[in-house]
Q: 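Could you have a look at this structure, given as structure tokens, before my questions?
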Protein chains: 2
Amino acid sequence: MNILEKITQAKDTFSKSEKKVAEVILANPQTAIHSSIATLANMSDVSEPTVNRFCRRLNTKGFPDFKLHLAQSLANGTPYVNRHVDENDGPEEYTNKIFESTMAALDIARQSVDINTVNRVVDLLTQAKHISFFGLGASASVAHDALNKFFRFNVPVMYFEDIVMQRMSTMNSQVGDVIVLISHTGRTKSLVEIAQIARANDATVVGITAKNSPLGKECNYVLSLDVPEDTDMYMPMASRIAQLTLIDILATGFTLRRGNKFRDNLKRVKESLKDSRFSL
Amino acid sequence: MNILEKITQAKDTFSKSEKKVAEVILANPQTAIHSSIATLANMSDVSEPTVNRFCRRLNTKGFPDFKLHLAQSLANGTPYVNRHVDENDGPEEYTNKIFESTMAALDIARQSVDINTVNRVVDLLTQAKHISFFGLGASASVAHDALNKFFRFNVPVMYFEDIVMQRMSTMNSQVGDVIVLISHTGRTKSLVEIAQIARANDATVVGITAKNSPLGKECNYVLSLDVPEDTDMYMPMASRIAQLTLIDILATGFTLRRGNKFRDNLKRVKESLKDSRFSL
DNA sequence: TCAAGTTTGTAGTAAAATTACAACTTTAAC
DNA sequence: GTTAAAGTTGTAATTTTACTACAAACTTGA
């Protein structure tokens, strides 16, 4: 595991002085790898052995070894950690933290996506007679976004915020229709019902949701995303960004499957916006 | 550049003994980063100062610095690059490319955000009598998402997709109201008009848009995001992810400004969902 | 072959990291 | 409250590691 994440995670097990060291390192890891144990001790306002003990607590052989691990964490690839926003953070801190934890979440999500399912879902979507995107709460805007993308493909695509409309529309679904249900937790009752109605009508149900959730179990295909949520904020943040990225992937897969001529079509949709815009 | 590549490339400029060092390092770089200058000198059958000179020849400050560079080169993972999707990409390739370019875009966006403006906008929002979020097309779902977030704060917040509703609502705006207009290009005519109406009513207009665009010029505050768009796809992708992240930042700033008691409020909103969900 | 230049190693020095131990806190029990 | 035990932290000494200065040994070309 990335040592920066490890520090964040193990913060509670640290002693007072060790926490000081952790703070200084997390605040400026780039400086840390270029400092000696003495300067780092000074910056953290602790003694040199404390820094050394801090390093060992993280299962490194000592300070130089720790610096090596830190350097590797900082190397391009996985530079970002899911850093939680703190009460006392100023604008600069929370802005950077949110960007970084969003990137970190995407990185984790990427590793959890099942490519085969993506491929099969893209297949389904290209062959669908009708596509519907439904979500509620925070996932409603994701469904909304999906509408905006797939609508450009000149495919019959639907999106409703209203659960009654979602229900009525699903009642009329049939074989060949694909219904994409979006829910981070997969425990939204009314969406589970929609899934059941759809399957009773032999429509295909794709869930962008948690694998073993009540909703997940009702779906023909589940695209699950493991995303660490900052539960302190009591708001869905990273999860819906990951969902949106997944929508982008499905849309991209769709256009690639449809081939080159189809891309001209997209270009035309984009150009149709010209009149509603000021020219460059 | 990767220091391992650098060694291979600069091999010709090395002296006989330095080449020996290069060989040993290239043959087993993992061992090299965990060795002291003495052991490495021994393995290469040269003296310690030779190893040191070798390090300096590669523009490093010395042996420890060289090890740091080497460690970074060895760190696993590819950097976040904006890799464009290619016609012939399979599901695995385009999935990874989209995740990576989204992360790369966020990284670039992060560097372009003006923290001072973020801070001032958060200020405005916390003091606003009414907050409106308007966007069209792909930005509509971003505005939709903003509604979902700010609505939890128990603040009078509005969101319309319909330009007539947007217009009517803005007509009634007054001092102390904040209208957030979202548009990637900043060239959507009807949003520019909304901005003009709002300012005529002394409401404050915040644009999440391009700085020097027609819309940007009509705003009191502009939060601009430099995001590289994959224009090949003819679809907004990374831009709206960056916009959403910015919404997260504003929402977070808002809650932090409001303090601890307010967080309990958010918790209550979240708990109110319980009945609409299946329990764990 | 010899002188100028380069390369290399030896020995000493400086810096950095680690260890051992003592002083100081904290915690919990009485 | 007092006190003993456990845990934490810092000081000082020690060891390890890296670097510098300089001299010896090669190379090169006239």
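Residue numbering restarts at 1 for every chain, and letters A, B, ... go by the order of the sequence lines.
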Q: Is there a side-chain contact between A/S17 and the phosphate of D/dT8, meaning an N or O under 4.0 Å from OP1 or OP2?
A: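 For A/S17, the contact criterion (side-chain N or O under 4.0 Å from OP1 or OP2 of D/dT8) is not met.
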Q: Would you say the side chain of A/L136 lies within less than 4.5 Å of the side chain of A/S190, judging by non-hydrogen atoms?
A: yes
Q: Are B/K97 and A/D248 ion-paired here, with the side-chain N under 4.0 Å from a carboxylate O?
A: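 So B/K97 does not pair with A/D248 through a salt bridge.
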Q: Nearest-nucleotide wise, let me know which of A/T50 and B/K61 is further upstream toward the 5' end of DNA chain D.
A: A/T50
Q: Please report the distance, rounded to the nearest Å, between NZ in B/K20 and P in C/dT7.
A: 15 Å
Q: Classify the ring geometry of B/F133 against B/F150: parallel below 30°, tilted from 30° to 60°, perpendicular beyond 60°.
A: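 Tilted, since the angle between the ring planes falls between 30° and 60°.
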Q: Check nucleotides 14-18 of chain D for protein N or O atoms closer than 3.5 Å to its own N or O atoms and list the pairs.
A:
| residue | atom | partner | partner atom | Å |
| --- | --- | --- | --- | --- |
| D/dA18 | OP2 | B/I37 | N | 2.4 |

Q: Compute the centroid of each ring, for A/F54 and then for A/F63, and state whether the two points are separated by less than 6.0 Å.
A: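 So the answer is no for these two rings.
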Q: Rounding to an integer number of Å, can you tell me how far A/F54 CZ sits from D/dT9 P?
A: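 These atoms are roughly 13 Å apart.
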Q: Would you call A/D114 and A/L223 a side-chain contact if the rule is heavy atoms closer than 4.5 Å?
A: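 No, their side chains stay 4.5 Å or more apart.
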Q: Starting from P on C/dG9, measure out to CG on B/L40 and report it in whole angstrom.
A: 13 Å
Q: If you compare every side-chain N and O of B/S15 against the phosphate oxygens of C/dT8 (OP1, OP2), does one of them come in below 4.0 Å?
A: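 Yes, because at least one side-chain N or O of B/S15 sits under 4.0 Å from OP1 or OP2 of C/dT8.
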Q: Remember a base hit wins even if backbone is also touched, and classify B/V46 as base, sugar-phosphate or nothing at under 4.0 Å, heavy atoms.
A: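 Touches sugar-phosphate only.
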Q: Do B/R110 and B/D107 meet the salt-bridge criterion of a basic N to acidic O distance under 4.0 Å?
A: yes
Q: Could you tell me whether a side-chain N or O of A/K67 sits under 3.5 Å from a main-chain N or O of A/S35, the two making a donor and an acceptor?
A: yes
Q: Whether the B/T39 and B/S36 side chains hold a donor-acceptor pair (N or O, under 3.5 Å, no angle test) is what I'd like checked.
A: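 Judged by distance alone, the side chains do pair up.
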Q: With the criterion being N/O to N/O and under 3.5 Å, what pairs connect the protein with nucleotides 21-27 of chain D, and how long is each?
A:
| residue | atom | partner | partner atom | Å |
| --- | --- | --- | --- | --- |
| D/dT27 | OP1 | B/K16 | NZ | 3.4 |

Q: From CG of A/D45 over to C1' of D/dG10, roughly how many Å is that when rounded to an integer?
A: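 Rounded to the whole Å, the gap is 12 Å.
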Q: In whole angstrom, what separates A/F14's CZ from D/dT9's P?
A: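 Atom-to-atom, A/F14 to D/dT9, this comes out as 12 Å.
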Q: What's the NE2-C1' distance between A/H34 and C/dA16, to the nearest Å?
A: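 Rounded to the whole Å, the gap is 16 Å.
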Q: Taking side chain as C-beta onward, heavy atoms only, is A/M103 less than 4.5 Å from B/T102?
A: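 No, side chains not in contact.
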